[in-house]
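Read through the structure below, which is laid out as structure tokens, and then see the notes.
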Amino acid sequence: MTQKEIAKLDEILQQHDYNHTLLIAIMQDIQKEYHYLPEKALCYIAKKLKLSEAKIYGVATFYENFSLEPKGKYVIKICDGTACHVRKSVPILEEFRKNLGVSEDKPTTDDMMFTVETVSCLGACGLAPVCTVNDHVHPAMTPERARELIEELKKEASEAAEKEAEAND
């Protein structure tokens with residue numbers, strides 16, 4: 001790991017007072033930083049928190065929201081639970097995948113901008129069909145709205161990249 005990565009992990013650990021009982025919150029912050037839980041980061045926090053790597057991996061693999069694989073900046077989750085399914089979530093999923101050039105086997109775009117996943121339930125049946133983007137709920141989705149949402153996210157990412165480039169000049 002680079003010194004910058006170690007410093008970032010130490011910052012996250014310090015925000016949680018190196019408290020092993022806050023492991024889930026620590027891991028959430030690490031995943032927010034990297035868009036997944038890198039193996040090196042998990043080994044590092046195990047050592048710093050004086051926990052076994054098995055314990056860390058047990059938590060990382062138990063909770064569905066944690067990922068050991070890199071994900072895109074925008075993680076789009078489409079509900080395929082009963083309420084969403086009967087309200088036509090499949091064409092919405094197909095539109096996201098087609099528009100972004102991803103599939104069930106390759107859910108993340110090559111530029112690491114988008115990941116498309118299905119989930120069994122988002123707990124928002126009254127808003128069906130529903131999807132989330134990084135935990136922001138988008139109710140009453142349609143294939144047309146999926147296309148619009150992708151364009152909005154691409155524009156947001158482009159504007160953020162421009163601001164970052166200006167700040168680095």
Side-chain angles (χ1 to χ4, degrees), residues 1-17 22-45 48 59-60 63-80 84 89 91-119 121-124 127-169:
M1 286 192 322
T2 66
Q3 286 302 111
K4 185 178 177 182
E5 290 171 324
I6 290 170
K8 185 60 185 176
L9 291 173
D10 283 335
E11 178 185 322
I12 291 169
L13 288 165
Q14 189 172 27
Q15 289 171 354
H16 298 283
D17 298 322
L22 300 175
L23 178 60
I24 291 173
I26 291 167
M27 292 171 75
Q28 288 171 326
D29 287 349
I30 291 169
Q31 183 158 293
K32 187 175 183 180
E33 178 71 21
Y34 294 98
H35 304 289
Y36 78 114
L37 297 172
E39 181 180 352
K40 290 178 182 178
L42 295 179
C43 293
Y44 183 81
I45 66 167
K48 288 292 190 171
V59 173
Y63 293 101
E64 188 174 306
N65 281 340
F66 288 135
S67 176
L68 299 175
E69 298 295 323
K71 292 189 179 190
K73 176 179 180 175
Y74 298 105
V75 178
I76 301 167
K77 296 182 181 184
I78 296 95
C79 181
D80 65 3
C84 289
S89 64
I92 296 162
L93 171 62
E94 290 169 350
E95 184 60 37
F96 275 115
R97 286 180 173 162
K98 181 180 97 181
N99 195 298
L100 294 170
V102 298
S103 65
E104 184 175 355
D105 295 332
K106 184 189 167 291
T108 302
T109 57
D110 291 336
D111 63 1
M112 298 302 292
M113 190 60 62
F114 296 95
T115 297
V116 177
E117 303 176 332
T118 59
V119 293
C121 184
L122 288 170
L127 305 174
V130 66
C131 77
T132 60
V133 178
N134 298 351
D135 298 325
H136 297 286
V137 177
H138 296 271
M141 288 299 295
T142 64
E144 296 77 23
R145 180 67 187 116
R147 285 190 295 276
E148 292 169 6
L149 181 56
I150 291 167
E151 291 309 311
E152 290 170 19
L153 295 171
K154 285 180 178 179
K155 182 178 177 186
E156 177 184 302
S158 176
E159 290 171 356
E162 287 175 17
K163 284 182 182 178
E164 187 175 324
E166 288 173 7
N168 291 333
D169 285 342

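Just so you know, residue 1 is the first one in the sequence shown, and it goes up from there. Just so you know, these numbers come straight off a predicted model, no measurement behind them.
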Considering all heavy atoms, the nearest [X]-[Y] contact:
| X | Y | result |
| --- | --- | --- |
| Pro129 | Ile92 | CG-CD1, 3.6 Å |
| Tyr44 | Ile6 | OH-CG2, 3.4 Å |
| Cys121 | Cys79 | CA-SG, 3.8 Å |
| Phe66 | Val59 | CD1-O, 3.8 Å |
| Pro143 | Glu95 | O-CG, 3.4 Å |

Could you go through residues 22-36 and list every donor-acceptor pair under 3.5 Å that involves a side-chain atom there, pairing it with any protein atom two or more places apart or in another chain?
from: Asp29; atom 1: OD2; to: His16; atom 2: NE2; distance (Å): 2.6
from: Gln31; atom 1: OE1; to: Ser67; atom 2: N; distance (Å): 2.8
from: Gln31; atom 1: NE2; to: Asn65; atom 2: O; distance (Å): 2.6

Find the distance between [atom1] ([X]) and [atom2] ([Y]) and round it off to the nearest 0.5 Å.
| X | Y | atom1 | atom2 | result |
| --- | --- | --- | --- | --- |
| Arg97 | Ile76 | CZ | CD1 | 11.5 Å |
| Ser89 | Glu94 | OG | CD | 9.5 Å |
| Asp80 | Leu122 | CG | CG | 9.0 Å |

Checklist entry - Is the count of non-hydrogen atoms from other residues, nucleotides or ligands lying under 6.0 Å from Glu144 atom CD greater than 12? => result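 Yes - once you tally the heavy atoms of other residues, nucleotides and ligands closer than 6.0 Å, there are more than 12.
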
Listing, residues 152-165 side-chain donor-acceptor contacts under 3.5 Å, not counting sequence neighbours, or none:
from: Glu152; atom 1: OE2; to: Arg145; atom 2: NH1; distance (Å): 2.9
from: Glu156; atom 1: OE2; to: Tyr74; atom 2: OH; distance (Å): 2.9

Checklist entry - Can you list the residues that meet the salt bridge (Lys or Arg N to Asp or Glu O under 4.0 Å) rule with Glu117, with sequence neighbours excluded? => result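 For Glu117 the salt bridge (Lys or Arg N to Asp or Glu O under 4.0 Å) partners, ignoring immediate neighbours, are Lys71.
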
Item to check | Residues in salt bridge (Lys or Arg N to Asp or Glu O under 4.0 Å) contact with Glu5, at least two apart in sequence or another chain | outcome: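 Glu5 satisfies salt bridge (Lys or Arg N to Asp or Glu O under 4.0 Å) with no other residue.
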
Could you go through residues 130-140 and list every donor-acceptor pair under 3.5 Å that involves a side-chain atom there, pairing it with any protein atom two or more places apart or in another chain?
from: Asn134; atom 1: OD1; to: Val75; atom 2: N; distance (Å): 2.7
from: Asn134; atom 1: ND2; to: Lys73; atom 2: O; distance (Å): 3.0

Under 3.5 Å donor-acceptor pairs involving side-chain atoms of residues 99-108, not counting sequence neighbours:
from: Ser103; atom 1: OG; to: Asp105; atom 2: N; distance (Å): 3.4
from: Ser103; atom 1: OG; to: Lys106; atom 2: N; distance (Å): 3.0
from: Lys106; atom 1: NZ; to: Thr108; atom 2: O; distance (Å): 3.1
from: Lys106; atom 1: NZ; to: Asp110; atom 2: OD1; distance (Å): 3.1
from: Thr108; atom 1: OG1; to: Thr115; atom 2: OG1; distance (Å): 2.8

Item to check | Min side-chain heavy-atom separation Glu39-Leu42 under 4.5 Å | outcome: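 No. Closest side-chain heavy atoms not under 4.5 Å.
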
Next on the checklist: Do Gln15 and Glu11 have side chains that approach each other closer than 4.5 Å (heavy atoms only, starting at C-beta)?
Outcome noted: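 Heavy-atom side-chain distance check passes, below 4.5 Å.
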
Checklist entry - Stepwise, does the side-chain contact (heavy atoms from CB on, under 4.5 Å) test hold for Leu9 with Met1? => result CA-CA 10 Å; Leu9 291 173; Met1 286 192 322; 3.6 Å; yes

